[in-house]
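Notes follow the structure.
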Amino acid sequence: MPHHEITLTRPATPGELRHARRGVPLAANADRNRLMAVHGARSPASALHVLRRRLGTRLPIDVLTTHYPDRHGQVLLNVALDHTADRALRQAAAVLGQRPQDLLRQRVTAALAREKQERARRLEVRLESLLAEHTPQDVLACVASLLHRHQHHPTRTAP
């Protein structure tokens, strides 16, 4: 059965979690703003749809996702847009002759690509700053040491 991740707009209260668990088995992170659920259905998309229906009135859900990419490397998202955003997306899609979900997919993919490029650029700027003060050999040795330490003593990463 596939795993699904639920991102909340705010941490769920203990009462909300108790109420939600009556309908769907859930595991919450320590901050109670990310949940995991295992739910079977005909397809991952229909599982997300069912989870949205069952939990949407019980929890402040922001995004539902499949936890693991499918065979095409895609992670499915189930996003509930407010009326204004939904109308704007439908109008933009109509102007472009596309389906709203296709336009949203393109926009999310483009935003993720921009974010990846920006992170790479920020890393490059930081490395350039280090290389202005240290030799490439010193920077490389330090990175190798740091990676070795993290491999043997992993630190807790933020979700």
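For Arg119, the salt bridge (charged side-chain N to carboxylate O under 4.0 Å, His left out) criterion is met by no residue, not counting sequence neighbours.
A salt bridge between Glu118 and Arg122 is present, with a side-chain N of the basic residue lying under 4.0 Å from a carboxylate O of the acidic one. Between Arg121 and Glu124 there is no salt bridge, since no side-chain N of the basic residue sits under 4.0 Å from a carboxylate O of the acidic one.
Across all their heavy atoms, Ala28 and Leu35 have their closest contact at CB-CD2, 3.3 Å. In this structure, Val75 and Thr66 approach most closely via the heavy-atom pair CG1-O, 3.2 Å.
Met36 places none of its side-chain heavy atoms less than 4.5 Å from the side chain of His4. Counting heavy atoms from C-beta on, the side chains of His39 and Pro25 never come closer than 4.5 Å.
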Identify each donor-acceptor pair in which a side-chain atom of residues 44-52 lies under 3.5 Å from a protein atom, sequence neighbours left out, and give them as a table.
{"unit_1": "Ser46", "atom_1": "OG", "unit_2": "Ser43", "atom_2": "N", "d": "3.1"}
{"unit_1": "Ser46", "atom_1": "OG", "unit_2": "Ser43", "atom_2": "O", "d": "2.9"}
{"unit_1": "Ser46", "atom_1": "OG", "unit_2": "Ser43", "atom_2": "OG", "d": "3.2"}
{"unit_1": "Arg52", "atom_1": "NE", "unit_2": "Asn78", "atom_2": "OD1", "d": "2.7"}
{"unit_1": "Arg52", "atom_1": "NH2", "unit_2": "Asn78", "atom_2": "O", "d": "2.7"}
{"unit_1": "Arg52", "atom_1": "NH2", "unit_2": "Asn78", "atom_2": "OD1", "d": "3.0"}

Give the table of side-chain donor-acceptor pairs shorter than 3.5 Å for residues 15-22, with sequence neighbours excluded, one pair per line with atom names and distance.
{"unit_1": "Glu16", "atom_1": "OE1", "unit_2": "Arg10", "atom_2": "NH1", "d": "3.0"}
{"unit_1": "Glu16", "atom_1": "OE1", "unit_2": "Thr13", "atom_2": "N", "d": "2.9"}
{"unit_1": "Glu16", "atom_1": "OE1", "unit_2": "Thr13", "atom_2": "OG1", "d": "3.4"}
{"unit_1": "Glu16", "atom_1": "OE2", "unit_2": "Arg10", "atom_2": "NH2", "d": "2.6"}
{"unit_1": "His19", "atom_1": "ND1", "unit_2": "Arg22", "atom_2": "NH1", "d": "3.3"}
{"unit_1": "Arg21", "atom_1": "NE", "unit_2": "Leu26", "atom_2": "O", "d": "3.2"}

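Side-chain atoms of Asn29 come within 3.5 Å of backbone N or O of Asn33 as a donor-acceptor pair. Under the 3.5 Å distance criterion, the side-chain polar atoms of Thr9 are matched with a main-chain donor or acceptor of Pro60. When atom types are taken as modelled, the side chain of Ser145 and the backbone of Ala141 share no donor-acceptor pair closer than 3.5 angstrom. A donor-acceptor distance shorter than 3.5 angstrom exists from the side chain of Arg32 to the backbone of Ala12, with no hydrogens or angles considered.
Applying the salt bridge (Lys or Arg N to Asp or Glu O under 4.0 Å) definition to pairs two or more places apart or across chains, those involving residues 82-95 are Asp86-Arg90.
Separation of atoms CD (Gln74) and CZ (Arg105) is listed at 7.0 Å; rounding is to 0.5 Å.
Apart from Val108 itself, the hydrophobic cluster it occupies contains Val63, Leu77, Val79, Leu81, Leu89, Leu96, Leu103, Leu104, Leu112, where clustering links Ile, Leu, Val, Met, Phe, Trp and Tyr at side-chain heavy-atom distances under 4.5 Å. Leu147 belongs to a hydrophobic cluster with Leu123, Leu127, Leu130, Leu131, Val139, Val143, counting contacts under 4.5 Å between side-chain heavy atoms of Ile, Leu, Val, Met, Phe, Trp and Tyr, direct or through other members.
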